[in-house]
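Read through the structure below, which is laid out as structure tokens, and then see the notes.
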Amino acid sequence: MEKTHNSQIPTKSSHKNEKEPEIITDKNQMRRWSRAMRSQGKTIGLVPTMGYLHEGHISLIKEAHKLTNLIVVSIYLNPGQFSPTEDLSTYPSDFDGDIQRLMAVPGGVDVVFNPYNLYDYGNSSVAGDGEVEKKGAVSCVEERGLGHETWVRVERLEKGMCGKSRPVFFRGVATVVTKLFNIVEPDVAVFGKKDYQQWRIIQRMVRDLDFSIEVIGSDIVRENDGLAMSSRNVHLSTEERKKALSINRSLSIAKFAAEKGQVNSGELRNMIIQEINEAGGRIDYAEIIDQETLEAVEEIKSPVVFCIAAWFGKVRLIDNMEINI
């Protein structure tokens with residue numbers, strides 16, 4: 001697939017009222033800004049991202065605008081959620097393009113928080129001989145020997161689905177979001193429901209640790225052909241992208257069947273798996289789970305969500321669809 005990220009970025013001349021965000025890279029400066037704004041009675045919305053922004057991210061910012069006076073967008077590619085064998089080094093980035101996209105958002109963005117390394121504490125060496133003792137799965141943070149050793153875990157919710165195939169992922173997400181919450185000190189944080197398990201994990205973490213932050217889940221934004229927007233879509237070839245449409249297609253078929261009375265999860269899962277396999281995808285997982293507990297259900301009796309992760313070539317995509325019956 002051709003890269004289309006920059007093709008839709010408006011130029012400065014096309015937006016007379018665009019607002020240029022303040023770019024902050026230092027966490028202490030970020031905290032000072034937030035506290036100064038809050039002292040003036042302003043409320044702050046945070047939209048955490050890893051950059052390479054698309055319309056899905058923009059929808060989160062628009063949602064935050066409805067809820068708070070000021071908007072902070074963090075752009076930080078978090079090494080703590082990637083294992084050394086995952087795609088950290090190839091994750092797409094275009095910071096200048098991201099800033100142009102943010103300037104075109106109605107109402108704009110007040111601050112872009114773009115720290116260099118949230119795991120650098122001024123001394124990268126580890127105590128002793130500098131070697132990190134690696135037990136089990138490790139993240140890129142540990143592999144680099146940065147000395148970070150405090151992790152936040154939401155133990156039950158992180159176990160299934162993405163947590164099975166990416167064992168360091170959710171502790172890395174929960175930890176970096178905790179760091180961002182402590183630095184930005186927002187009133188509201190907006191996350192996309194495409195990463196459904198992540199959204200629920202952050203909600204639970206906020207509840208359990210008594211963060212005074214409202215966590216909002218915003219609906220999935222799709223391309224015109226139904227593919228869920230993702231920064232990883234750019235890595236799909238034209239043929240792989242066509243095959244990837246089987247994800248949304250299979251979810252829609254299963255949702256229709258469930259609403260017509262097919263409530264056996266096993267049969268619905270098989271329907272989804274067959275559709276994706278026949279299209280040339282490779283299933284990581286296909287689960288039908290309770291929307292709140294994320295526990296797998298055998299029969300649909302209450303609101304559930306169908307969650308899918310599948311590989312197309314070297315690209316792993318996730319998607320989901322809520323069923324409220």
Side-chain angles (χ1 to χ4, degrees), residues 45-54 56-57 59-61 63-64 73-83 86-88 91 118 137 139-141 151-182 184 186 188-209 211 213-222 228-233 247 251 284-296 304-310 315-322:
L46 171 65
V47 178
T49 82
M50 295 203 298
Y52 209 70
L53 305 181
H54 51 68
H57 297 110
S59 73
L60 306 183
I61 296 167
E63 186 66 26
V73 172
S74 63
I75 297 179
Y76 180 63
L77 187 54
N78 173 36
Q81 68 194 60
F82 290 83
S83 75
E86 291 179 324
D87 59 348
L88 175 64
Y91 196 89
L118 287 178
S139 69
C140 292
V141 169
W151 300 96
V152 179
R153 306 200 74 144
V154 182
E155 294 187 347
R156 186 178 56 78
L157 293 187
E158 73 173 33
K159 286 182 179 178
M161 296 188 294
C162 286
K164 286 183 179 178
S165 57
R166 304 187 67 189
V168 304
F169 178 69
F170 285 123
R171 69 165 200 177
V173 168
T175 300
V176 80
V177 170
T178 296
K179 290 165 81 69
L180 290 170
F181 285 176
N182 284 333
V184 178
V188 173
V190 184
F191 292 82
K193 285 188 181 181
K194 182 175 75 70
D195 301 282
Y196 200 91
Q197 187 176 11
Q198 171 180 284
W199 167 53
R200 288 303 194 188
I201 282 172
I202 298 303
Q203 278 191 323
R204 187 63 54 84
M205 179 190 80
V206 163
R207 185 200 74 176
D208 290 355
L209 298 184
F211 282 98
I213 298 170
E214 183 180 5
V215 176
I216 301 296
S218 189
D219 289 337
I220 295 173
V221 177
R222 299 185 181 278
M229 289 191 176
S230 168
S231 298
R232 289 185 170 92
N233 289 351
I247 299 179
L251 285 169
D284 181 354
Y285 63 77
E287 301 287 350
I288 300 175
I289 59 172
D290 181 89
Q291 290 184 13
E292 295 286 340
T293 68
L294 305 189
E295 293 178 354
V304 298
V305 56
F306 295 8
C307 294
I308 292 177
V315 183
R316 181 179 179 274
L317 302 176
I318 63 172
D319 200 348
N320 66 76
M321 195 168 286
E322 291 178 321

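Everything numeric here is computed off the predicted structure, so don't read it as measured data.
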With sequence neighbours excluded, residues passing side chain to side chain contact (heavy atoms under 4.5 Å, CB included) with [X]:
X      : answer
Ser83  : Thr85, Glu86, Val168
Ala228 : Lys194, Ile220, Arg222, Asp319
Leu60  : Val47, Val190, Ser218

Partners meeting side chain to side chain donor-acceptor pair (under 3.5 Å) with [X] (sequence neighbours left out):
X      : result
Gln198 : none
Glu214 : none
Thr175 : none
Asp195 : none

Do Ser165 and Arg316 have side-chain heavy atoms sitting under 4.5 Å apart?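 When only atoms from C-beta onward are counted, Arg316 and Ser165 do touch, with a gap below 4.5 Å.
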
Using side chain to side chain contact (heavy atoms under 4.5 Å, CB included), reason through Leu317 and Ile247 one step at a time and then give a plain yes or no. CA-CA 9 Å; Leu317 302 176; Ile247 299 179; 4.0 Å; yes

Before you tell me yes or no, could you show the steps for Arg232 and Asp87 under salt bridge (Lys or Arg N to Asp or Glu O under 4.0 Å), namely the whole-Å CA-CA distance, both residues' side-chain angles and the distance that decides it to 0.1 Å? CA-CA 10 Å; Arg232 289 185 170 92; Asp87 59 348; 2.9 Å; yes

Pair Tyr196, Ile318 - check side chain to side chain contact (heavy atoms under 4.5 Å, CB included), show working. CA-CA 9 Å; Tyr196 200 91; Ile318 63 172; over 6 Å; no

Carboxylate-amine/guanidinium contact Glu158 Arg153, below 4.0 Å: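 Here Glu158 pairs with Arg153 in a salt bridge, since their nearest N and O are under 4.0 Å apart.
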
Check salt bridge (charged side-chain N to carboxylate O under 4.0 Å, His left out) between Glu63 and all other residues, then give those that pass, not counting sequence neighbours.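 If we apply the salt bridge (charged side-chain N to carboxylate O under 4.0 Å, His left out) test to Glu63, skipping adjacent residues, the hits are Lys66.
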
Tell me every residue that passes salt bridge (charged side-chain N to carboxylate O under 4.0 Å, His left out) with Lys193, counting only those two or more places apart in sequence or in another chain.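 Partners of Lys193 under the salt bridge (charged side-chain N to carboxylate O under 4.0 Å, His left out) test: Asp219, Glu322.
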
Can you list the steps and then say if Lys159 with Leu294 is a side chain to side chain contact (heavy atoms under 4.5 Å, CB included)? CA-CA 10 Å; Lys159 286 182 179 178; Leu294 305 189; over 6 Å; no

Quick one: ring pair (Phe, Tyr, Trp, His ring centres under 6.0 Å) partners of Phe170, sequence neighbours excluded?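 In terms of ring pair (Phe, Tyr, Trp, His ring centres under 6.0 Å), with neighbours along the sequence ignored, Phe170 is linked to no residue.
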
State which residues pass ring pair (Phe, Tyr, Trp, His ring centres under 6.0 Å) with Phe181; sequence neighbours excluded, sorted by chain then number.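 Result, ring pair (Phe, Tyr, Trp, His ring centres under 6.0 Å) vs Phe181: Phe211.
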
May I have all residue pairs that pass salt bridge (charged side-chain N to carboxylate O under 4.0 Å, His left out) and include part of residues 197-208, sequence neighbours excluded?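 Listed once each, the pairs are Arg200-Glu292.
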
Once you round to the nearest 0.5 Å, how far does [atom1] of [X] lie from [atom2] of [Y]?
X      : Y      : atom1 : atom2 : answer
Lys164 : Tyr285 : NZ    : OH    : 10.5 Å
Ser231 : Leu53  : OG    : CG    : 7.0 Å
His54  : Thr49  : NE2   : OG1   : 9.0 Å
Leu88  : Met50  : CG    : CE    : 8.5 Å

What verdict does the side chain to side chain contact (heavy atoms under 4.5 Å, CB included) test give for Ile202 and Val173, after you've listed the backbone C-alpha separation in whole Å, the side-chain angles of each residue and the deciding distance to 0.1 Å? CA-CA 9 Å; Ile202 298 303; Val173 168; 4.1 Å; yes

Taking Cys162's backbone N and O only, do any of them form a donor-acceptor pair with Gln197's side chain (distance below 3.5 Å, no angle check)?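 Confirmed, Gln197 side chain pairs with Cys162 backbone.
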
Looking at Tyr76, is its backbone amide N or carbonyl O close enough to the side chain of Ser74 to form a donor-acceptor pair, meaning the two atoms are under 3.5 Å apart?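 Answer holds: no.
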
